[in-house]
Amino acid sequence: MKISGYQLFWLIFTMEFCMTALFTISPTVSLAKQDAWISMIIATLISLLVIFIAVKLSLLYPEKTFIQYSQLILGKWLGKIIIFIYFCVWISVIGIILREYADFVYLALFSSTPLWFIILVMLGAMVYVTYSGGIRGIGRCSEIIGPVTVVGIILIILFSFKDWDWLKLLPVYYNTGYVSIAKASLSPASFLGESVIVIMLISFMTKPNQAMTSSVLGVAAASIAVLVMTFIVIMVFGPNISAKLIYPLYSAVTFISVMEFIQNVDVLAVLLWIIGIFIKLSLYLFITSYGTAQFFHIKKWKHTIWFIALIVFGIALLPRSINDSQVYAKFWLAVILPVNILGIPLLLWIIGSIRKKSILK
Amino acid sequence: MINRLAASMILILCIVLLTGCWDRHELSDRVFDLAASADLRDDGTYLTAGQFIIPSRIEQGASGSEKSYYIETGEGKSILKSIQGVRQKLSRTIARGHRHNFYIGEKLAKNGIEDMLDVFSRDPGNRIRLDIWVVKGNTGLEALKVLYPLEKIPSVASNKIYKAVGGTVGKSYLDFLMASSAEGSCPTLPVVDIVQGASPQETIRFYGRAIFNHDYKLVGYLNFVEGAYRQWILKGISYLEVVEDIPEGDGTVGVIVTNFRSKLKSSITSEKKVKMDITLSGVGLINENNTNLDLTQLHNWKLVQNKINKSNSEHVLEMITKVQKQYGTDVLGFNEVLNRQHPIKWKELNRNWDNIFPEIQVTVNVHIKLKQIGLVGPSLQFKEREIKK
C-alpha cells in the first residue's frame, strides 16, 4: 500500500476544497463582510503553517505513522493518551461530516428519502473503497475526482462571470476592521487545517521527500480555489445576503444563467461536492481503522473497518437537527483547531527534534 | 468462474436498483408553474395564484386556440397557507424550477410585502433568479389572466418585454434583497400595468419602476424613462431612445443611446453637506430628424449634440429631485457610493441617512456622443431652400 506525491496532492486538494467552500464562506462573510477574502488569505497562511508542522513532524520518522511515532516521542503512556484523543476526534468527525452531507443532500435533492438511507449509501461506498483498496484505492480515486472538481470550479467561474459586480468588494477594510477579519479567518482555518491528517499518510509514500511539496501545494491550491469561490459569492450576492445564506456557494450556482440556456446547474455542483466528501470521509475512515489496528496490534487492519463503520453510523444519526451539528462545529473551532490541529503536532515536533538531536550526539 | 458469475450478477442487479431513485419525482406527478401572483384581499388574507402548464397541450404544438396553461388560486393568512389552498386543487406537486415571474398586486405592495419575501429564498425549490413585478393599479391575478398573443405562455411576456427594451432580467428579486439589507438604501421592483391594447383584448405593458420604503411599502412609481435614467446611473441598461426639441431647427431629434457608462463622484463639504456629481455617458445613433438641419454640417451636429446632452441632464436631475423630495428614499445607490468613497465619514452619515439624502446637492452631466446619423444627411422630404446649412 503506497501512494505517490501526485496522489497526495489530489487527496489533500479534494478533501479540503469541497467542505471548506460549502460550509465556511457564510460564517466568514457574516463576520468580515466584503473583506472575507482577507480572512481567507489569513486562514490559508494558518493552514500552511499547520501542514508545514505536520509534514516536518512526520518526516522525523518517515517510515512510521503517527500512532507509532507519538509513542516513541512521548513515551508509551502519554503517547497512548494522545492517540486516544485523536481517535475520538476522527471517529466523531466522520459521523458529523456524514450527517452534514446527508442533511445537505436531503435539502437539495432527496426530500422524501429517509436520512439513514442517504448515510448508508455513502457509508457503503466508503467501506468498499477502504476495504478493497486501502489508501492506494482512495489515492487513485482522488486522482480522477480531483481534476473533475477542478473542471467544475472552472465552469462555475466561467458561468457566473457575467453576474460579477466588482464594486461589491469595496470599501476594503473600513467596514470591518482587523478584529472581525481575524476572527472570521478561524472558521475556514479550522476546515483547511484538517490537512493535519497527513501525519498518518506520509509513511505510505513511495518517496517521502516529495511529501512537503505535495502537501503544501495541495493546501495552497485548495485555499486558492476557496478564495476564488469567496470572491464569486461576494460579487454575486454582496456581503449582506451572502452572510445570511446557509450554503452561499450553492445559491450562487443556482443563480447561474448563461444566455437563458445553461440554467439549473446546481445538480452538477451537488454531485461534485458529494464525490469530494466521499474522498474526505474515506480518508478519515482509512486512517482511523488503520490506526486502530496499529494501536491494538491487530494483524488484519481491515477487520476494524466494520466496527468503526458501525460506530460512525450511530454518531451520524445522533444530532436531532442541523443546530446540533453546528454545536460540534463550534467545538471544533474552539478546541480541536488550537489543540489537535496546531498544538499537539507542534509540541511533538519540538520534542521529537530535540530527542533526535540528543540521540545523534 | 463462479466468482465471476456472481460478480456479474451483482452488477446487473445494480443496474436494476440504480435507475430509479427513492424520491421518485416522476414527470407525470409534477406540474410546472411559470408565473405566480400574490394579492391582498379585503379581509387581510393573501390570495395567491399560479399559472400552470398543461403538458398535453404544449406537446401538440401550435394547434388551435386552446390555451396551454390554466390558472388556479388559493387563499390564506400567509403565502404558504394560500399555496396550500392551491395544492388542494392540484393533482400534481408544484415544481418551481422554471418560474421567472411573480406578480404582486398594487394593494399588497402598498400594504407592505415584508411578510411574503422570506418564502422565496428559504425553499431550495425556488430560484433566486426571479423577477417580482408590481402590477400598477391592478391585482396580480389580473396580470396572470392577460392573454398575450405573441407568447404561448403569456406570463413570459413581461420578462421578455423588459429584456427587449434594454433592462437587466432576472435580478430584481436579488436587487430588492440587497438594497433592503444594505444600510441606507431602499428597495425597488419593476412594474407592469394592464392597458387596453389595439386589439379588443387587454395587454400587458412594461411601466417602469416601483419605489419601496424601509418598511417594504410601496411609496411611488418612476415611469419608463425615469426608470431608464435610474438604471443608467446604476449601470443596468443597454438601450434607450431619447427625443428632444431642437428649437433652432424647429423640430425634434430622436437618438438611440447605447454603450452606457456612469460615474458617480461624491464629496462632503466642511459644513457636512453631501455633494454628488453624476456623469452619464453613452453613444448615440440619430434615428429621427424632424428638424430642417443638415446634420452632415459639423456645427449643426455639435448643436444637436449639445442640446440633447443639456436637455437630458435636466431630465435626469428632475428624476433625481423627484426621488429626493417626493419619496425621500435612496434608490439610486448613493449610500454605496459614499460608503466606497468616504468609508470613514459614512459611519457617521449612515445613521442619519434618511434626513441627509433629500438634501444632497446633485449635479448631472450627460455626455452622449453622436456617432451615426443614419443613411441620409438632411431629411429627404425638405426642399433645398428649406434646409439650414
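Proteins get letters first, then strands, A, B, ... in listed order; numbering begins at 1 in each.
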Quiz item: What residue in A/Val172, A/Ile246, A/Ile256, A/Asn175 has the most heavy-atom pairs under 4.5 Å with chain B?
Solution: A/Asn175

Quiz item: More than 12 non-hydrogen atoms from neighbouring residues, nucleotides or ligands closer than 6.0 Å to NZ on A/Lys168, yes or no?
Solution: yes

Practice problem: Assess whether atom NZ of A/Lys162 is packed by more than 12 heavy atoms of other residues, nucleotides or ligands within 6.0 Å. | Solution: yes

Self-check item: Atom pair OH (A/Tyr174) and NE2 (B/His342), whose distance is rounded to the nearest 0.5 Å
Solution: 12.0 Å

Practice problem: Could you tell me the separation between the CD1 atom of B/Ile128 and the CG atom of A/Leu245, rounded to the nearest 0.5 Å? | Solution: 5.5 Å

Quiz prompt | Flag if over 12 foreign heavy atoms under 6.0 Å of CZ, B/Arg92 | solution = yes

Quiz prompt | Contacts of residues 230-241 of chain A with chain B (heavy atom under 4.5 Å) | solution = A/Val236, A/Phe237, A/Gly238, A/Asn240, A/Ile241

Quiz item: Around A/Lys302, counting heavy atoms of other residues, nucleotides and ligands shown, do more than 12 lie under 6.0 Å from its NZ?
Solution: yes

Self-check item: A/Asp163 and B/Arg129 ion-paired at < 4.0 Å
Solution: yes

Exercise. Taking atom NZ of B/Lys347 as the centre, report whether more than 12 heavy atoms of other residues, nucleotides or ligands fall under 6.0 Å from it.
Key: yes

Quiz prompt | Reported CG-to-CZ distance for the pair A/Leu169 and B/Arg340, which is rounded to 0.5 angstrom | solution = 10.5 Å

